[in-house]
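Here is the structure we will look at.
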Amino acid sequence: MTHRRAELAANLDTVRARIAAACAEAGRSPDGVRLVVVTKFFPSSDVRILADLGVTDVGENRHQEAETKVAECADLPLTWHFIGALQSNKAAAVATYAHVVESLDRRKLVTALDTGAHHRAHPLDVLLQVSLDPAGVDHRAGAEPALLAELAAAVGDARMLRLRGLMAVAPLGADPVEAFVRLAGIRADFLVDHPDATWLSAGMSADLEHAVKTGATHVRIGSAVLGSRPRVQ
């Protein structure tokens, strides 16, 4: 455990330094970028070490794994982000334990998340995931930019959801610089009608600098902090 703690501490220092350097180059304060450590396939023991090292935000991709970890780490003061592709039949369950859902990309999920969040004392924070893939290309996830207004309106009508902003992933094989510049434009247009939805979740281990330079307020970092994912999943 001592070796693992040292490893995670060193990796966190490196990632935090990268964020600080990117912010300095962009003329931003590092306080304006929140680090979300993605712990997919890693054990709750790692989450506990991360929390002890000052990590406040944890991201998970899969419902069953996320639900188990949240329960196992219920005593820790963490904000849990669900960042994976969201299935409509599991969305209500996700809303019972996640503090932030970053992958809202279609209308059907709004009703399911709102239903699952009915027990909460405060609304569930949500980000609209926007696709940065070229038009006509099969993409992994995300709403087309033209559909964001409709999706945002649906969130506005929900009783227990609070629109916080946008999330995006740079397309596989694409230049992240171009992708995030496009995202910055989409976000600027979106903020005209939704000035309070200021969060922008973008950037991962390989491209966080580009995301920070184009306005990301949250970066989702997995391997750069935790190392290669375990082979047994």
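Residues: numbered from 1 along the sequence shown. As a basis for the values below, the full set of heavy atoms in this structure was taken, side chains included, without hydrogen atoms, waters or symmetry mates.
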Worksheet entry | Main-chain N/O of Gln64 paired with Thr68 side-chain donor or acceptor, under 3.5 Å | yes
Quiz prompt | CA sep, side-chain torsions, deciding dist, call: Val110, Leu104, side chain to side chain contact (heavy atoms under 4.5 Å, CB included) | solution = CA-CA 7 Å; Val110 174; Leu104 175 51; 4.0 Å; yes
Determine whether a donor-acceptor pair (N or O, by modelled atom type, separation under 3.5 Å) exists between the side chain of Arg28 and the backbone of Ala22.
no
Check your understanding: Is Arg48 salt-bridged to Asp75, going by a charged N under 4.0 Å from an acidic O?
Key -> yes
Here the gap from Leu8 atom CG to Ile49 atom CD1, rounded to the nearest 0.5 Å, amounts to 5.5 Å
**Asked** Between the side chains of His99 and Asp125, does any donor sit under 3.5 Å from an acceptor?
**Response** no
Between the CD1 atom in Ile221 and the CG atom in Leu12, the distance rounded to the nearest 0.5 Å is 10.5 Å
So do Leu113 and Val155 actually touch side chain to side chain, heavy atoms under 4.5 Å? no
Nearest heavy-atom approach of Phe180 to Gly203 is CZ-N, 3.8 Å
Closest non-hydrogen contact found for Thr96 with Ala92 is CG2-O, 3.4 Å
Check for me, please, whether Tyr97 and Ile83 land in the same ILVMFWY cluster - side-chain distances under 4.5 Å, paths through other members count. no
*Measure the shortest side-chain to side-chain distance between Val58 and Val38 over non-hydrogen atoms and say whether it is less than 4.5 angstrom.*
no
* Are Arg107 and Glu150 ion-paired here, with the side-chain N under 4.0 Å from a carboxylate O? -> no
Notebook entry, point to check: Do the side chains of Leu53 and Phe42 join up, straight or via other hydrophobic residues, at under 4.5 Å, putting them in one cluster?
Noted result: yes
Distance col, row Phe82:CZ vs Leu127:CG, nearest 0.5 angstrom, shows 13.5 Å
Flag, side chain of Arg106 to backbone of Gly142, donor-acceptor distance under 3.5 Å
no
Exercise for the section: Under the side chain to side chain contact (heavy atoms under 4.5 Å, CB included) rule, what do Asp46 and Thr39 come out as? Steps first, then yes or no, please. Expected result: CA-CA 8 Å; Asp46 278 353; Thr39 58; 5.8 Å; no
Whether Arg4 and Glu7 form a salt bridge (side-chain N of Lys/Arg under 4.0 Å from carboxylate O of Asp/Glu) is what I want to check.
yes
Scanning both residues in full, the closest heavy-atom pair of Ala95 with Ala117 reads CB-N, 3.8 Å
Evaluate Met160 against His119 for side chain to side chain contact (heavy atoms under 4.5 Å, CB included), listing each step before the verdict. CA-CA 9 Å; Met160 291 304 297; His119 73 292; over 6 Å; no
- prompt: Is a side-chain donor or acceptor of Thr111 paired with a backbone partner of Lys108 at a separation under 3.5 angstrom?
  reply: no
Distance col, row Leu50:CG vs Arg5:CZ, nearest 0.5 angstrom, shows 10.0 Å
Carboxylate-amine/guanidinium proximity below 4.0 Å for Glu60 and Lys69 = yes
task: Give a yes or no on whether the backbone of Ala224 and the side-chain of Ser205 come within a donor-acceptor separation of less than 3.5 Å.
output: yes
What one should report as the nearest heavy-atom pair of Leu163 and Ala152 is CD2-CB, 3.9 Å
- Salt-bridge criterion met for Glu209 and Arg18 (N-O under 4.0 Å): yes
Worksheet item: With side chains defined as the heavy atoms from C-beta onward, is the minimum distance between Val100 and Trp199 less than 4.5 Å?
Response: yes
**Asked** Cluster question for you: counting only ILVMFWY and a side-chain heavy-atom cut-off of under 4.5 Å, with indirect links fine, are Val212 and Val15 together?
**Response** yes
Is there a side-chain contact between Phe190 and Leu128 (heavy atoms, below 4.5 Å)?
-> yes
**OP:** Please tell me if the side chains of Leu191 and Arg187 come closer than 4.5 Å, counting only heavy atoms from C-beta onward.
**Re:** yes
| Backbone N or O of Ala85 within a donor-acceptor pair of the Ser103 side chain at under 3.5 Å? | no
query: Should Val36 and Val219 be regarded as members of a common hydrophobic cluster, given that ILVMFWY residues are connected when their side-chain heavy atoms come within less than 4.5 Å of each other, either directly or indirectly?
result: no
The residue among Gln129, Glu102, His218, Arg164 that forms side chain to side chain donor-acceptor pair (under 3.5 Å) with Ser201 is Glu102
Item to complete: Dump the intermediate steps for side chain to side chain contact (heavy atoms under 4.5 Å, CB included) on Glu72 and Val47, then the final yes or no.
Response: CA-CA 10 Å; Glu72 291 175 348; Val47 177; over 6 Å; no
dist His210:NE2 -> Leu183:CG (nearest 0.5 Å) comes out at 14.0 Å
d(Ile186 CD1, Leu148 CG) to nearest 0.5 Å is 7.0 Å
- Should Leu124 and Val101 count as side-chain neighbours, where that means a heavy-atom distance under 4.5 Å? yes
Q: Indicate yes or no: at least one non-hydrogen side-chain atom of Arg159 is less than 4.5 angstrom from one of Asp114.
A: yes
Closest non-hydrogen contact found for Pro123 with Arg162 is CB-CB, 4.0 Å
Nearest heavy-atom approach of Ser131 to Glu144 is OG-OE2, 4.4 Å
* **Donor-acceptor contact present, side-chain Asp207 to main-chain Met204, <3.5 Å** => yes
Review point. Taking side chain as C-beta onward, heavy atoms only, is Val37 less than 4.5 Å from Leu35?
Key: yes
